[in-house]
Amino acid sequence: MREIEQIKESIKTGRVPSIYLWYGEDRFLIQEGFQVLKSFYFTMDPSGGGIEVLDPKALSPAEIVERANTMSFFARRLVVVEEATYFQDGQTADLDPFLEYFSDPNPSTCLLFIAESVHRGRKLYKALDRVGEVLEFCAPKRPQEWMAWVQSELKVRGKAMDTQVLSGFIEWVGHHTGVLSQELDKLVVFVGDRTKISMEDVQAISTRTIEASIFSLLDAIAARSSEKAIKTLRDVLREEHPLKVLTLMVRQVRLLLGCDALRKRGGNVNEVPALLGIKPYEAQKIWQQSIKLSTKQLSQSLVECLNTDVALKTGGGDPGLLLEMMIIRFCEGELT
């Protein structure tokens with residue numbers, strides 16, 4: 001995403017910050033950024049001797065600062081502090097060495113902190129933000145952002161997808177940058193010299209997520225297609241435990257009921273992520289799906305899910321058959 005482009009631009013212009021803080025939910029994008037930055041230092045020292053990765057649990061802030069101040073006779077240095085928790089609440093370590101270092105950093109060293117999360121109100125964060133550069137690595141949120149990200153990854157690999165295939169690929173594989181990247185690598189090998197990737201290629205080689213299968217299952221139920229719904233269910237059960245499938249279905253029905261209630265009181269799809277605690281891309285999909293199902297059908301479906309849950313946990317019959325009977329009752333339920 002744009003964070004990677006910022007890192008590349010810093011390298012291109014020769015303005016790599018002396019102090020970096022990277023954090024965020026998307027560990028894959030952070031690792032991708034780290035590879036870009038490491039490549040830059042490898043060009044100056046192919047041995048990799050100028051790159052040092054430190055464990056903050058094994059070293060004190062004073063010892064980390066000492067490493068950052070170490071001079072190199074041959075190249076600039078990259079000192080990386082992984083899993084840094086200094087920028088969160090509840091810290092007991094003496095952080096004064098960092099504050100002193102920030103006021104006069106070693107110009108030949110890039111000190112990079114990688115954290116899962118930060119508290120922007122902390123003194124250390126504010127001090128770093130004034131003199132260094134902070135990058136938050138966020139996964140794409142809206143459908144257009146996901147499509148743009150996949151398109152950029154395809155371009156790097158010298159491949160392409162039609163818009164419809166691109167959308168289908170994301171739905172098939174799921175909304176995880178690392179998984180999408182791995183599946184694209186598989187597709188590149190699968191299609192060989194062919195530039196255009198088709199949906200048939202995706203279905204042939206890529207692993208479909210259970211979440212995508214549950215969406216398809218509910219689409220079939222909304223269309224009252226017992227045959228298609230049962231086929232989808234059996235495909236899912238070949239890969240997943242019945243209880244996990246049921247748990248995801250219960251979650252999905254509850255989210256659909258939430259969207260249904262929100263729409264009835266005049267709400268809109270933009271309110272869904274905050275109210276239901278889901279990502280925007282998932283909210284869009286569930287909102288559209290909830291339009292196809294009535295309140296009564298959703299309520300009956302939730303009751304059937306809970307009854308089937310009890311039967312599964314008390315040995316009330318073959319798990320696969322119990323789920324199939326539940327799906328059939330879904331498809332035969334009232335629409336209004």
Side-chain angles (χ1 to χ4, degrees), residues 1-12 20-40 112 114-118 133-191 194-216 269-270 272-274 276-289:
M1 294 299 289
R2 58 184 179 276
E3 295 81 19
I4 306 295
E5 296 307 315
Q6 285 181 246
I7 297 167
K8 291 179 179 178
E9 183 63 23
S10 296
I11 292 172
K12 182 179 178 181
Y20 251 141
L21 169 59
W22 296 356
Y23 75 97
E25 61 186 18
D26 200 311
R27 304 302 292 179
F28 172 77
L29 290 179
I30 289 178
Q31 287 303 313
E32 190 174 283
F34 187 29
Q35 291 303 319
V36 170
L37 191 58
K38 282 201 301 184
S39 296
F40 169 64
L112 166 62
I114 298 178
E116 182 177 347
S117 61
V118 301
E133 186 170 337
V134 179
L135 295 180
E136 181 181 5
F137 289 76
C138 295
K141 291 181 171 57
R142 305 199 175 278
Q144 297 86 346
E145 295 174 358
W146 280 104
M147 292 182 72
W149 185 82
V150 174
Q151 283 177 329
S152 67
E153 293 293 306
L154 283 166
K155 185 176 180 181
V156 169
R157 293 167 172 80
K159 302 297 180 184
M161 289 181 185
D162 291 336
T163 302
Q164 188 173 358
V165 176
L166 187 60
S167 177
F169 169 67
I170 296 170
E171 290 298 327
W172 188 272
V173 174
H175 296 77
H176 302 280
T177 52
V179 175
L180 284 164
S181 180
Q182 291 173 0
E183 294 300 325
L184 285 174
D185 289 339
K186 286 165 56 179
L187 282 163
V188 168
V189 175
F190 183 73
V191 302
R194 182 157 43 90
T195 302
K196 188 68 71 71
I197 296 173
S198 69
M199 196 62 206
E200 287 74 21
D201 297 324
V202 172
Q203 293 173 348
I205 197 68
S206 296
T207 303
R208 191 180 193 184
T209 65
I210 183 174
E211 291 80 8
S213 297
I214 296 297
F215 271 121
S216 296
V269 67
N270 296 325
V272 174
L276 299 184
I278 57 178
K279 300 290 181 66
Y281 66 82
E282 189 178 11
Q284 293 276 351
K285 180 74 174 176
I286 292 173
W287 181 267
Q288 291 301 318
Q289 197 169 53

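- Residues Pro273 and Pro280 approach most closely at CG-CA, 3.9 Å, considering heavy atoms.
- Inter-residue side-chain proximity for Met161 and Ser198 is flagged as unmet; no heavy-atom pair is nearer than 4.5 Å.
- The shortest distance between side-chain heavy atoms of Phe34 and Trp22 falls below 4.5 Å.
- Panel note: side chain Ser181, backbone Thr177; no donor-acceptor pair is recorded below 3.5 Å.
- Atoms CH2 and NE2, on Trp149 and His175 in that order, are 11.5 Å from each other to the nearest 0.5 Å.
- For the pair Arg194 and Asp201, the minimum side-chain heavy-atom distance is below 4.5 Å.
- Distance check, rounded to the nearest 0.5 Å: NZ of Lys285 to CD1 of Ile278 gives 13.0 Å.
- Here the straight-line distance linking atom CD of Glu9 with atom CD1 of Ile4 works out to 14.0 Å at 0.5 Å rounding.
- Inter-residue side-chain proximity for Ile114 and Tyr23 is flagged as unmet; no heavy-atom pair is nearer than 4.5 Å.
- By the 6.0 Å contact criterion, CZ on Arg142 is open, its count of non-hydrogen atoms from other residues, nucleotides or ligands being 12 or less.
- Contacts classified as side-chain hydrogen bond (donor to acceptor under 3.5 Å, both in side chains) and involving residues 159-168 (residues at least two apart or in different chains) are given here: Asp162-Lys196.
- Looking at Val272 and Ile286, their side chains never come closer than 4.5 Å, going by heavy atoms from C-beta outward.
- In this structure, CG on Asp26 lies 9.5 Å from CZ on Phe137, to the nearest 0.5 angstrom.
- Looking at Leu135 and Ile7, their side chains come closer than 4.5 Å, going by heavy atoms from C-beta outward.
- Phe169 pairs with exactly one of Val202, Ile197, Leu154 by the side chain to side chain contact (heavy atoms under 4.5 Å, CB included) rule, that one being Val202.
- A donor-acceptor pair is defined here as one N or O able to donate and one able to accept, closer than 3.5 Å; such a pair exists between the side chain of Trp146 and the backbone of Pro140.
- Met199 and Val165 make their closest contact through N-CG1, 3.7 Å (heavy atoms, listed as atom of the first residue, atom of the second, distance).
- Here the straight-line distance linking atom CG of Leu187 with atom OG of Ser206 works out to 4.0 Å at 0.5 Å rounding.
- Counting only heavy atoms from C-beta outward, the side chains of Arg208 and Ser216 approach each other to under 4.5 Å.
- A cation-pi contact, defined as under 6.0 Å to the ring centre and within 45° of the axis, is absent between Lys38 and Phe40.
- To the nearest 0.5 angstrom, Trp287 atom CH2 is 14.5 Å from Glu282 atom CD.
- For Glu136, the CD atom sits in a packed shell: over 12 heavy atoms of surrounding residues, nucleotides or ligands are nearer than 6.0 Å.
- Between the side chain of Trp172 and the main chain of Thr209, no donor-acceptor pair closer than 3.5 Å is present.
- The two residues Ala139 and Glu25 have their closest heavy-atom pair at N-OE2, 3.5 Å.
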List the steps and the verdict of side-chain contact (heavy atoms from CB on, under 4.5 Å) for Lys8 and Lys12. CA-CA 6 Å; Lys8 291 179 179 178; Lys12 182 179 178 181; over 6 Å; no

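- The shortest side-chain heavy-atom distance between Ile170 and Met147 falls under the 4.5 Å cut-off.
- With sequence neighbours excluded, the residues forming a salt bridge (Lys or Arg N to Asp or Glu O under 4.0 Å) with Glu183 are Lys186, listed by chain and number.
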